[in-house]
Amino acid sequence: KEKIIKNSLIEYVMAKVLILLFLTISCIPIIAQSDYLFKNISSRDGLSNDFVRDMDVDGKGFIWIATEEGLNRWTGNGNTIYRENNSGLASNELTTVYYDAKSNSVWAGSRQKGISIFDCHTSQFSHLSTKEGLASDAITDIMPAGDEGLWITHVDNGISYYNRNTHKIYVYNSSTLSGLKDCNRC
């Protein structure tokens, strides 16, 4: 009797495992299906350059793409390229892009000429550089701070903090903040 009960229990457990395995395998195609459509775009599609450094999405859903040959605004149906020679962009050699929802502006950091700020309302560029107080014109990243300011990292000379309310720039480097390295490369 004990052997019959043990065999029945084993058969019951095996049946449950097989059912679970079947359900798991049959659900994989359902889980793998997605409503997202991915499209690969390149210079053949109108992008200014195939070397993309950074991307962000603005409030209207446009994709802003920083490349080594300018700033691109991809609408899904077409592309607008902003370069030094056709707009107020300070440099074509971009390293980062950040959309600031608070001011509805796109911040494009460059390799050697600071930051170009595109106002989405006026379609005009303004600039920030060492002349306005940045630690360096070699920008590596722009990101939001917890207090609504912006952190700006540089290849060297430390980190800048931009206060959006007062429009002042504060520089932090190894001489002003103990333990901070001036060279921010990986």
Side-chain angles (χ1 to χ4, degrees), residues 29 31-146 148-164 167 169 183-186:
I31 294 169
Q33 291 178 357
S34 173
D35 292 335
Y36 297 106
L37 174 66
F38 291 93
K39 182 177 181 181
N40 190 12
I41 59 173
S42 69
S43 56
R44 289 182 297 235
D45 303 300
L47 201 60
S48 64
N49 186 276
D50 289 331
F51 191 62
V52 173
R53 299 298 305 250
D54 200 7
M55 299 186 308
D56 207 350
V57 179
D58 71 14
K60 290 186 176 180
F62 297 141
I63 301 171
W64 291 85
I65 305 167
T67 73
E68 296 237 326
E69 288 293 325
L71 180 64
N72 298 258
R73 183 182 68 189
W74 185 262
T75 64
N77 298 320
N79 187 44
T80 302
I81 300 172
Y82 299 92
R83 290 192 170 117
E84 287 178 84
N85 66 0
N86 71 357
S87 69
L89 190 67
S91 173
N92 289 336
E93 294 179 290
L94 302 178
T95 55
T96 187
V97 65
Y98 169 74
Y99 173 68
D100 179 19
K102 183 177 179 184
S103 64
N104 194 27
S105 60
V106 176
W107 293 52
S110 71
R111 190 177 296 236
Q112 297 175 352
K113 295 185 179 178
I115 300 171
S116 296
I117 305 166
F118 182 81
D119 185 320
C120 294
H121 294 296
T122 65
S123 297
Q124 298 294 311
F125 281 96
S126 59
H127 303 95
L128 286 178
S129 68
T130 53
K131 293 175 188 172
E132 288 76 30
L134 288 178
S136 167
D137 285 333
I139 310 300
T140 56
D141 205 359
I142 303 166
M143 63 205 83
E148 296 188 9
L150 294 174
W151 289 109
I152 302 162
T153 59
H154 307 274
V155 172
D156 50 21
N157 296 339
I159 299 170
S160 298
Y161 171 82
Y162 180 78
N163 184 315
R164 288 190 270 191
H167 305 285
I169 298 171
C183 185
N184 297 313
R185 297 181 195 166
C186 293

inquiry  = Quick check: do S160 and H154 have side-chain heavy atoms less than 4.5 Å from each other?
reply    = yes
Heavy-atom check, side chain of N79 versus side chain of I65, under 4.5 Å: no
Do I152 and I139 have side chains that approach each other closer than 4.5 Å (heavy atoms only, starting at C-beta)?
yes
In short, salt bridge (charged side-chain N to carboxylate O under 4.0 Å, His left out) pairs touching residues 82-110 with sequence neighbours left out are E84-K113, D100-R164, K102-E148
Practice problem: Say whether, by atom type as modelled, one donor and one acceptor occur between the side chain of N49 and the main chain of T67 under 3.5 angstrom. | Solution: no
Salt bridge (charged side-chain N to carboxylate O under 4.0 Å, His left out) pairs touching residues 121-133, sequence neighbours excluded, are none
Checking T95, I115, L94, T96 against S110 for side chain to side chain contact (heavy atoms under 4.5 Å, CB included), the one that qualifies is L94
Exercise for review: Apply side-chain hydrogen bond (donor to acceptor under 3.5 Å, both in side chains) to the pair T153 and D141, showing each step before the final yes or no.
Suggested key: CA-CA 5 Å; T153 59; D141 205 359; 5.1 Å; no
Here the salt bridge (charged side-chain N to carboxylate O under 4.0 Å, His left out) pairs for residues 54-66, sequence neighbours left out, are none
* So, the side chain of T130 versus the backbone of D137: is there a donor-acceptor pair under 3.5 Å, distance only? -> no
So the ring-ring contact (aromatic ring centres under 6.0 Å, His included) pairs with at least one residue in residues 67-88 (sequence neighbours excluded) are W64-Y82, Y82-F118, Y82-F125
| Side-chain (N72) to main-chain (S48) donor-acceptor, under 3.5 angstrom | yes
The reported gap from CD in Q112 to OG in S91 (rounded to nearest 0.5 angstrom) is 7.0 Å
The side chain to side chain donor-acceptor pair (under 3.5 Å) partners of S116 (sequence neighbours excluded) come to none
Value for CD1 (I81) from CG (L71), rounded to nearest 0.5 Å, stands at 10.0 Å
The residue among W107, W151, Y98 that forms ring-ring contact (aromatic ring centres under 6.0 Å, His included) with Y162 is W107
Residue pairs meeting salt bridge (charged side-chain N to carboxylate O under 4.0 Å, His left out), one or both in residues 70-81, sequence neighbours left out, come to none
